[in-house]
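Read through the structure below, which is laid out as structure tokens, and then see the notes.
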Amino acid sequence: MITLGIETSCDETAASICKDGKILSNIVSRQLVHTEFGGVVPEIASREHESLLNTIVHAALYESKIELIELDAISVTQGPGLAGTLLTGISFAKGLGIGLGIPVIPVNHLEGHIFANFLANESLKFPFVCLLVSGGHTQLWSVEGMERYMLLGETRDDAAGEAFDKGARIFCLEYPGGPEIERAAIGGDSNKIDFPRSLLSKNSLEFSFSGLKTSLLYFMDDFQETESIKLKDVIASYQKAIIDTLVEKVKRALRITGYDRCVIAGGVAANKCLRHQLGVVLPTKEIIFPELSFCTDNAAMISYLGELKIKLGKCESLDFSANPNLRLI
Ligand code: KG4
Ligand code: ZN
């Protein structure tokens, strides 16, 4: 079976070909046009998808040496995301699907992030805890199987990715902030500044990052680099405060559920400090990350999950639309 996946939930225009569970191509074009605005401008993002989609889909077909007529199905991100950008992908997918006479299946972007872990870890087994950390979400899930999810906790305010993005803006770094902060923190002393970790009550699996961001804002108000405190020390300390919180909550979630396995999903899963720290704090647990190219938004996770769903007979009619607030359950 050959499935084309299309992802346009935010500012990545992406297409991928999946053949019987194997990714043959994964083309992602990140829209650099938003950099000067310090964040994604929805209207511009939709227009960019509109003009890029045809080229990106053809690039995915070309790289995988698959002809359009060989496609058996199309899967497309339904949500969550920006309404306009989701609609460009869905309209494109439906048009192509009708033209080719093949099914088009809507896929939940968050579920796609979770299943990206199966791409590099074919032997991954349920159940597991999933830490889902992206630009819009920070959630802990108990995952017992496909579509068998139980929410353990989520953020009360900012998402972890948002904490990176907003922090980067305060440090005058570019968007998206995660990779920028990770780079700028290299060589810095992460123990120099004791930024607050909002761990809430003892067994809480909820998150809160807005206090940390405010504390950084006040700190930077009158910060001057000195011999003993460099900017990279502040950046490394800020990153560590986010990571420490995530690691502590994963530790709690594993203790509470009794599971030995945790899967990390979403853009922040690309962070090397998070990867390292989870290994240090939880050496006896199985901690699984997607390949770097499958952490941030991509269509491989959409084509892969779409194919799984079609094989399970979950194909719907074309009577679906974008759902910007789609949840996992
Ligand atoms: O999953 P994703 O690509 O898009 C959403 O679904 O939101 O996640 C994007 C988020 C951004 O906030 C970005 O700053 C963060 O993931 N991110 C990172 C890293 N790479 C991307 N955060 C920390 N370290 C990274 N290396
Ligand atoms: Zn995402």
Side-chain angles (χ1 to χ4, degrees), residues 5-14 16 26 28-31 34-35 38-40 42 45 76-82 85-86 89 107-117 130-139 154-155 157-171 173-186 190 207 209 212-213 235-236 238-247 263-278 289-302 304-305 323-328:
I6 294 175
E7 153 65 37
T8 59
S9 65
C10 194
D11 58 337
E12 273 92 9
T13 313
S16 159
N26 179 32
V28 181
S29 167
R30 201 167 72 71
Q31 303 173 358
H34 305 282
T35 309
V40 179
V76 62
T77 304
Q78 182 182 23
L82 301 168
T85 62
L86 289 165
V107 167
N108 184 315
H109 179 86
L110 302 177
E111 203 176 11
H113 273 306
I114 297 177
F115 276 78
N117 279 281
C130 173
L131 172 70
L132 181 58
V133 267
S134 66
H137 293 80
T138 294
Q139 299 174 324
E154 65 184 326
T155 185
D157 39 58
D158 293 347
E162 216 175 338
F164 274 103
D165 296 337
K166 289 178 175 172
R169 209 176 300 169
I170 297 170
F171 291 127
L173 297 171
E174 285 190 351
Y175 175 86
E180 290 289 311
I181 286 193
E182 183 168 7
R183 218 169 294 128
I186 293 171
S190 61
F207 302 82
F209 292 106
L212 169 64
K213 177 199 62 197
I235 298 176
Y238 180 76
Q239 170 173 251
K240 183 82 184 339
I242 300 173
I243 300 304
D244 280 354
T245 310
L246 297 177
V247 172
V263 153
I264 317 295
V268 181
N271 188 279
K272 293 187 193 68
C273 181
L274 174 64
R275 290 171 177 241
H276 173 76
Q277 212 43 34
L278 279 167
F289 296 90
E291 254 174 49
L292 282 183
S293 58
F294 300 144
C295 286
T296 45
D297 288 350
N298 65 85
M301 63 188 196
I302 304 301
Y304 177 77
L305 182 57
N323 184 347
N325 302 314
L326 190 63
R327 290 185 64 91
L328 207 48

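Ligands are counted one by one from 1 in listed order, and the atoms in each one are counted from 1 as well. Scope of the values below: all heavy atoms of this structure, side chains included, with no hydrogens, waters or symmetry mates. On a predicted model such as this, the values are computed, not experimentally measured, just so you know.
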Can you pull out the closest protein heavy atom to [atom]? Residue, atom name and distance to 0.1 Å, please.
{"atom": "atom 7 (O) of ligand 1", "value": "Gly135 N, 2.8 Å"}
{"atom": "atom 26 (N) of ligand 1", "value": "Glu182 OE1, 2.6 Å"}
{"atom": "atom 22 (N) of ligand 1", "value": "Gly178 CA, 3.2 Å"}
{"atom": "atom 21 (C) of ligand 1", "value": "Gly267 O, 3.5 Å"}
{"atom": "atom 3 (O) of ligand 1", "value": "Asp297 N, 2.9 Å"}
{"atom": "atom 6 (O) of ligand 1", "value": "His109 NE2, 3.2 Å"}
{"atom": "atom 13 (C) of ligand 1", "value": "Asp165 OD1, 3.8 Å"}
{"atom": "atom 24 (N) of ligand 1", "value": "Asn271 ND2, 3.0 Å"}

Just which atoms of ligand 1 are under 4.0 Å from any heavy atom in [X]?
{"X": "Thr296", "answer": "3 (O), 21 (C)"}
{"X": "Gly161", "answer": "12 (O)"}
{"X": "Gly136", "answer": "7 (O)"}

Any side-chain heavy atom of [X] within less than 4.5 Å of one from [Y]?
{"X": "Leu274", "Y": "Ile264", "value": "yes"}
{"X": "Val40", "Y": "Leu82", "value": "yes"}
{"X": "Val133", "Y": "Phe207", "value": "no"}
{"X": "Leu326", "Y": "Asn108", "value": "yes"}
{"X": "Met301", "Y": "Asn298", "value": "yes"}

- Could you see which bit of His137 sits under 4.0 Å from ligand 1, with heavy atoms only: side chain, backbone, both or neither?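 Answer for His137: neither.
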- Item | ligand 1 contact on Lys272 by region, counting heavy-atom pairs under 4.0 Å | neither
- Query: How open is the angle at the Zn ion (ligand 2) from atom NE2 of His113 over to atom NE2 of His109, rounded to 10 degrees?
  - Reply: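 Taking the Zn ion (ligand 2) as the apex, I get 90° for this pair.
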- Query: With only distance considered, is His113 within less than 3.5 Å of ligand 1 through an N or O on each side?
  - Reply: yes
- Task: Indicate yes or no: does an N/O atom of Gly266 lie under 3.5 Å from an N/O atom of ligand 1?
- Result: no
Atom [atom1] of [X] and atom [atom2] of [Y]: how far apart are they, to the nearest 0.5 Å?
{"X": "His113", "Y": "Leu328", "atom1": "NE2", "atom2": "CG", "result": "11.5 Å"}
{"X": "Arg169", "Y": "Phe164", "atom1": "CZ", "atom2": "CZ", "result": "15.5 Å"}
{"X": "Asp165", "Y": "Leu173", "atom1": "CG", "atom2": "CG", "result": "11.0 Å"}

- Query: Looking at ligand 1, does Gly177 have a heavy atom less than 4.0 Å from it?
  - Reply: yes
- Query: Does a donor on one side chain and an acceptor on the other come within less than 3.5 Å for Ser9 and Glu7?
  - Reply: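 On atom types as modelled, these side chains qualify, holding a pair under 3.5 Å.
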- Any side-chain donor-acceptor pair under 3.5 Å between Glu154 and His137? no
- Message: Nearest N/O/S atom of Asp297 with respect to the Zn ion (ligand 2), by atom name, please.
- Response: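 Atom name returned: OD1.
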- Checking heavy-atom distances from atom 20 (N) of ligand 1 to each of Ala168, Pro179, Pro80, Pro176, the winner is Pro179
- Quick one: closest heavy-atom pair of Gly136 and Ala159, and the distance? C-CB, 3.6 Å
- Is the backbone of Lys272 close enough, under 3.5 Å, to the side chain of Glu182 for a donor and an acceptor to pair up by distance? yes
